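Everything below concerns the one structure shown next.
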Amino acid sequence: MNDFDVIIIGAGHAGCEAANASSKMGMKTLLLTLNLDNIAHMPCAPAIGGVGKGHLVREIDALGGIMGYITDLSSLQYKTLNTSKGLAVHSTRAQVDKNLYKRLMRQHLERLPNLHIRQSLITDLLINNGKVNGVKDNFGFIFRSKTVIIATGTFLSGLIHIGDKTMPAGRAGEFSSIELPKFLKSLGFEIGRFKTGTGPRLKGSSIDFSKLEVRPGDGVPRFFSYLTKDIDYQEYPCYVTYTNEKTHRLILDNLDKSALYSGKIEGTPVRYCPSLEDKVVKFKDKLRHQVILEPEGKDTDEIYVSGLGNSMPPQIQEEIIRSPKGLENVIILRPAYAIEYDYIYPHQLDLNLESKMIEGLFFAGQINGTTGYEEAAAQGLIAGVNAANKILNNPPLIIDRSEGYIGVMIDDLVTKGTDEPYRIFTSRAEYRLLLREDNVYYRLTEKAYRVRLIDDKRRSEIEKELETAQKLKDYLTNTKVKDSEKGEIINLEMKIKRGQLTVSEINEIKNLFPPHIINHVQAEVRYEGYLERQKKEIERLKDLEKIKIQKDFDYNLPGLSLEVREKLSKIRPINLGQASRIPGITPSAITLLLFYIKKPKNQ
C-alpha cells in the first residue's frame with residue numbers, strides 16, 4: 001500500500017511537473033506536500049514566462065509537460081517581449097489567475113491514474129548501501145520507493161524577514177522544513193544559503209488607476225500550449241507607476257531597519273530581481289524605478305506589485321508603498337518580505353539531476369539554486385522522466401545545450417555551478433538562433449515520444465506540420481521573380497533573405513498555410529546562413545561529447561595543475577565536451593586529458 005516507484009517531496013511547480021511525467025510514464029507515484037491547498041501556488045508574481053522563461057515553458061509543453069496548458073486555461077493577458085530584437089529572442093509572458101491556476105493544476109494531477117497525493121512533512125530519507133529506498137515523515141510514518149525527487153522550493157530552513165522580525169516559514173503562512181536539510185547535511189551534501197523575496201499585495205479598489213499608465217497585452221493571445229485550441233479569453237490590463245524622490249528618501253533614511261541592510265540576512269540575493277533597497281542604494285543616479293501592478297485573478301480585488309519588494313518593517317512599508325503616484329491612499333493586504341532558504345550546490349548532481357552520492361535520489365527546482373516557476377518546472381519534468389527511466393532501465397533523458405534552453409540551464413548548473421540564484425536568459429544560450437519559440441515542437445517532439453509523454457496522434461500531427469513547412473519552403477525555392485533593384489531573376493527565397501519581402505506578404509500562400517507555419521518558414525529562410533554555421537559548430541563540438549569519461553577516472557595526472565585536477569574531480573564530467581565547459585579548464589588541459597583517456601591502460 002505504501003510502496004511506490006517514485007516519491008516526490010514538494011508540490012510546487014517542479015513537483016507538479018515531476019509527478020505528471022513519472023505517472024504518465026506508468027510509475028506508481030506519490031506526491032507529498034506540506035499543504036494540499038497550495039499545490040502549484042504562486043508566492044511571487046502571478047505570471048508565467050518572460051525572457052528565456054517563455055522558451056522554457058514551450059519546451060516543457062513540447063516534452064509533454066503541463067505548465068503551458070494550465071497557463072492558457074487561467075490566462076489574463078499575453079505579451080510578447082523583445083519584439084524590437086531578432087526573432088530568436090522573442091519571448092512570451094502571460095499574466096494568470098493564480099487561484100484558478102493552482103485549482104486547475106490540482107484537478108489535473110488528481111485525475112492521473114498512477115498518482116497519489118498526500119499532505120505530509122518529510123524529515124528523513126531511507127538510505128541503504130548508498131541507495132535511496134523511501135522517506136519518513138514527522139510522525140515516523142514510512143513510504144517506500146525505488147526513487148525519490150526532492151523539490152522543496154524555498155522550504156528548507158526557510159526564514160522570512162520583515163524588518164527586525166524573523167519567522168521560520170517556507171512561504172508566508174506556511175511551515176518551514178527544518179529536519180530534512182539537517183538530514184541532507186548529515187549525508188555529506190554541501191548546502192548553501194540564498195535569499196529572495198516577494199512584493200506586497202494591495203487592495204485594488206483603494207488604488208487610483210486614473211493616475212497610472214495602462215499596460216495592455218498584445219490583444220491576440222499567443223498561447224503557450226500545443227493542446228490549447230480555443231478557450232474563452234478575456235484580456236486584463238496591468239498598470240505602471242514609478243518610485244520618486246520621496247520613496248528613495250524613505251528607503252535611505254531607514255536602511256538600518258531593513259533586514260537586508262541590517263546584517264540579519266546572510267543568503268546571497270537575486271541579482272536580476274533586486275529589492276527596492278538595493279535599487280535605491282546601488283543606482284543612486286536613477287531618479288525613479290518602474291512599479292508594475294498586476295491583477296492576481298478575475299474574482300479578487302488583490303493586486304500584486306512588482307518593483308516594491310523590500311524587507312522593511314510594515315509601518316515603514318506603508319509610507320514607502322503610498323509614495324508613488326496613484327497609491328497615495330492604498331490599503332496593503334499583505335506586506336512585502338524577504339526569505340532565506342537552503343539549497344544544494346548543483347555540481348553534486350549528474351546531468352539527469354540524480355545525486356552523485358546517493359543512487360536514485362534526484363533534485364529539482366529552487367533547491368538546485370535556481371529562481372523562478374519556469375526554471376523549477378523544467379527541472380521537475382527532467383527529474384520525473386529520469387526517475388522513471390531509472391526504474392525502467394532506460395537511458396536518461398538529457399537535453400543538449402544545442403537542443404533546448406532546458407539543456408542550457410541544467411548544464412550551467414551542473415557544470416559551472418552557481419553562486420547566486422540562477423535565472424535563465426536568452427543570452428545564456430550560445431545557439432539561441434536554433435532554440436526559438438517557433439520551432440520548439442520540431443526539435444523536441446521525438447524525445448517526448450520516446451519517453452511516452454506524448455502519443456502517436458500528436459507525433460504524427462507534428463510530422464505533418466514539418467511536411468507542410470517543407471512544401472512552403474519548396475514553393476519559395478521554385479517560384480522565380482524579377483528583382484526590381486538588380487534586374488535579375490531570383491526565387492522568392494532569395495528576396496526574403498535580402499529583406500525585400502516577408503512570407504506573409506505573398507498573397508498566393510496566405511490562405512494555403514497556417515500563420516505559425518508561415519512564421520516558422522520565414523525564420524528558417526531569413527536565418528538560413530547563420531543556422532547552417534551554428535549547426536556546423538555543434539557538429540564539431542559533438543566530437544568532444546562522444547569521448548566519454550569514466551566515473552572513477554583518476555585526474556591526478558602529470559601536466560594538469562592542482563586547480564584543474566580539483567575542478568575535474570569535483571564536477572566529474574561525463575564526457576570531454578562537458579569538461580571543456582567547466583570554468584577554468586583550458587584548451588591545453590583538454591588536449592592533455594584527451595591523451596590520457598585514449599592512452600592504452602598498459603602504457
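Because the structure is predicted, anything quoted here is derived from the model rather than measured.
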(message) Just checking K464: does its NZ atom have more than 12 heavy atoms from other residues, nucleotides or ligands closer to it than 6.0 angstrom?
(response) no

(message) Working note: I231 + F223, criterion side-chain contact (heavy atoms from CB on, under 4.5 Å); need CA distance, chi angles, decisive distance, verdict.
(response) CA-CA 10 Å; I231 60 172; F223 295 132; 3.5 Å; yes

(request) Would you confirm whether T418, through its side chain, and E420, through its main-chain N or O, come within 3.5 Å as a donor-acceptor pair? (result) yes

(request) State, without any angle test, whether E294 and Q95 hold a side-chain donor-acceptor pair at a distance under 3.5 Å. (result) yes

(message) Quick check on L227: does its CG atom have over 12 non-hydrogen neighbours (other residues, nucleotides or ligands) under 6.0 Å away?
(response) yes

(request) Return yes if a side-chain donor-acceptor contact under 3.5 Å exists between D97 and S74, otherwise no. (result) no

(message) Surrounding CG of D285 (heavy atoms of other residues, nucleotides or ligands, distance under 6.0 Å), is the total greater than 12?
(response) yes

(request) Examine the side chains of Q534 and R432 and answer whether a donor and an acceptor come within less than 3.5 Å of each other. (result) no

(request) Give a yes-or-no answer on whether the side chains of T29 and S22 include a donor-acceptor pair shorter than 3.5 Å. (result) yes

(message) Centroid separation under 6.0 Å, is that true for the rings of F175 and F155?
(response) no

(message) Let's go through D438 and H516 carefully: what are the C-alpha distance in whole Å and the side-chain angles of both, what is the deciding distance for side-chain hydrogen bond (donor to acceptor under 3.5 Å, both in side chains) to 0.1 Å, and is it a yes or a no?
(response) CA-CA 7 Å; D438 68 270; H516 70 281; over 6 Å; no

(request) State, with a plain yes or no, whether a side-chain heavy atom of I39 is found less than 4.5 Å away from one of C16. (result) yes

(message) Between Y101 and H41 (judged by ring centroids, cut-off 6.0 Å), do the two rings come close enough to count as a pair?
(response) no

(message) Tell me whether E403 is salt-bridged to R443, with the criterion being a basic N under 4.0 Å from an acidic carboxylate O.
(response) no

(message) Around atom NZ of K497, are there more than 12 heavy atoms from other residues, nucleotides or ligands closer than 6.0 Å?
(response) yes

(request) May I ask you to establish whether R288 and Y242 are in a cation-pi arrangement, using a distance under 6.0 Å from NZ or CZ to the six-membered ring centre and at most 45° from the ring axis? (result) yes

(request) Please check if any side-chain donor atom of S258 sits under 3.5 Å from a side-chain acceptor atom of S311, or the reverse. (result) yes

(message) Testing the 3.5 Å rule here: is there a donor-acceptor pair between the side chains of T445 and R459?
(response) no

(message) Taking the ring of Y69 and the ring of F224, is the distance between their centroids below 6.0 Å?
(response) no

